[in-house]
Amino acid sequence: MIGLVTLIDFSPLGPILRSTSGSAVPWILAAVQWGLFVAPTVNSCRSEGYDLRRTFGIQTCSLLDVLASAAVGASLWAVLTAAIAARVAADGGVQLPSSESVVIADLLFSRPTSVAEWASLLTSAGVSPGVAEELLFRGFLLTSLRQGLGRVDAVVLCAALFGLFHLSVPQFFPTTVLGIAAGVSAIASGSVVGPIAVHTAHNVAALLYGGVAPGHVSGLPLPVAAGGAFTLALSGAYLFVRARTATRAD
């Protein structure tokens with residue numbers, strides 16, 4: 001979402017995005033991500049003769065690792081959303097600039113009216129960013145950082161750069177936490193597939209809740225938040241143990 005805000009307010013694409021129907025906006029964002037960031041990185045690595053599968057962490061991993069990673073992503077969204085909502089309520093609420101609020105509210109916080117609209121929204125704003133950004137950060141960048149840093153330092157630095165990449169001070173902390181969770185998943189699973197599951201599940205959880213309950217995006221019911229915390233504790237513990245085991249094996 002922050003990437004969308006950045007394109008709207010700080011790039012030449014802003015006027016085009018403001019005049020574009022809401023359902024097309026995430027596809028434009030996806031095209032920018034893949035065309036301006038992923039494709040040039042892949043092409044550069046290929047021209048240098050790198051093994052793309054190894055460079056981007058494209059390896060097989062267990063189904064249990066993928067499921068645990070997806071559970072971490074979705075439950076982390078619930079916990080972070082509950083925490084942010086509580087903080088915002090304590091501060092008296094926040095107001096988005098008009099250009100952001102109009103486009104984002106229409107795009108993310110409205111209820112899709114058909115299966116096709118749901119599929120389009122979840123694919124373009126949920127799956128595509130999860131795959132593209134994780135190929136770049138937990139695939140290419142984390143693999144590169146691990147060449148000169150320890151695993152913990154590499155995961156934390158990669159997560160911090162991930163947070164900075166989204167160009168939002170208020171979102172830096174939750175985005176960095178998401179990056180750390182994705183990094184732990186990468187170490188635990190030995191593959192970029194794990195962090196893709198974390199990131200995609202995080203995005204899809206936000207989109208599903210925003211579409212099903214558009215009037216309640218500023219907060220979560222207590223059972224949802226509590227269930228998220230419980231799921232995060234279990235799935236997070238599993239990935240943490242797996243990551244420690246993988247580290248010792250190395």
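What you are looking at is a predicted structure, and each value in this text was computed from that prediction instead of being measured. One is the number of the first residue; the rest follow in order along the sequence.
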- Taking only residues two or more places apart in sequence or in another chain, which ones pass salt bridge (charged side-chain N to carboxylate O under 4.0 Å, His left out) with Glu134?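 Expected list: Arg138.
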What are the two closest heavy atoms between [X] and [Y], and how far apart are they?
X	Y	value
Leu208	Trp118	CD2-CZ3, 3.5 Å
Ser189	Cys61	O-CB, 3.5 Å
Ala78	Gly228	CB-CA, 4.2 Å
Ala188	Ala243	CB-N, 3.7 Å
Ala68	Leu239	CB-CD2, 4.1 Å
Ala154	Arg146	CB-CG, 3.7 Å

Nearest 0.5 Å, please: how far is [atom2] in [Y] from [atom1] in [X]?
X	Y	atom1	atom2	result
Glu133	Thr200	CD	OG1	9.5 Å
Phe162	Ile180	CZ	CD1	11.5 Å
Thr41	Leu36	OG1	CG	10.5 Å
Phe56	Leu141	CZ	CG	11.0 Å
Thr176	Gln171	OG1	CD	10.0 Å
Asn203	Leu122	CG	CG	10.0 Å

Would you find a donor on one side and an acceptor on the other, under 3.5 Å apart, between the side chain of [X] and the backbone of [Y]?
X	Y	result
Ser44	Pro40	no
Ser191	Gln59	yes
Ser120	Ala116	no
Ser185	Ala181	no

Side-chain heavy atoms under 4.5 angstrom apart, residues restricted to Ile, Leu, Val, Met, Phe, Trp, Tyr: same cluster for [X] and [Y]?
X	Y	value
Trp34	Leu52	yes
Val193	Val127	no
Phe230	Leu80	no
Val115	Trp27	no
Ile58	Leu145	yes

- Query: After noting the C-alpha distance and the side-chain angles of Thr143 and Arg54, does the key distance pass the side-chain contact (heavy atoms from CB on, under 4.5 Å) rule?
  - Reply: CA-CA 8 Å; Thr143 299; Arg54 183 174 181 180; 5.6 Å; no
- side-chain contact (heavy atoms from CB on, under 4.5 Å) between Leu164 and Phe172, worked out: CA-CA 6 Å; Leu164 290 172; Phe172 175 77; 3.8 Å; yes
- Query: In terms of heavy-atom contacts, does OH of Tyr238 have more than 12 from other residues, nucleotides or ligands at under 6.0 Å?
  - Reply: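 Buried by this count: over 12 neighbours within 6.0 Å.
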Does the side chain of [Y] come within less than 4.5 Å of [X]'s, by heavy atoms?
X	Y	result
Phe137	Pro195	no
Val66	Ile196	no
His202	Val198	no

- Determine, stepwise, if the pair Trp77 / Val204 fulfils side-chain contact (heavy atoms from CB on, under 4.5 Å). CA-CA 10 Å; Trp77 171 80; Val204 169; over 6 Å; no
- Task: Say whether Thr231 and Ser75, considering side chains only, have a donor N or O and an acceptor N or O under 3.5 Å apart.
- Result: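 Per modelled atom types, Thr231 and Ser75 side chains form no pair under 3.5 Å.
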- So Phe165 and Phe37, ring pair (Phe, Tyr, Trp, His ring centres under 6.0 Å) or not? Walk me through it. CA-CA 12 Å; Phe165 175 78; Phe37 295 99; 5.7 Å; yes
- Task: Please lay out, stage by stage, how Thr55 and Phe140 fare under the test side-chain contact (heavy atoms from CB on, under 4.5 Å).
- Result: CA-CA 6 Å; Thr55 300; Phe140 175 75; 3.6 Å; yes
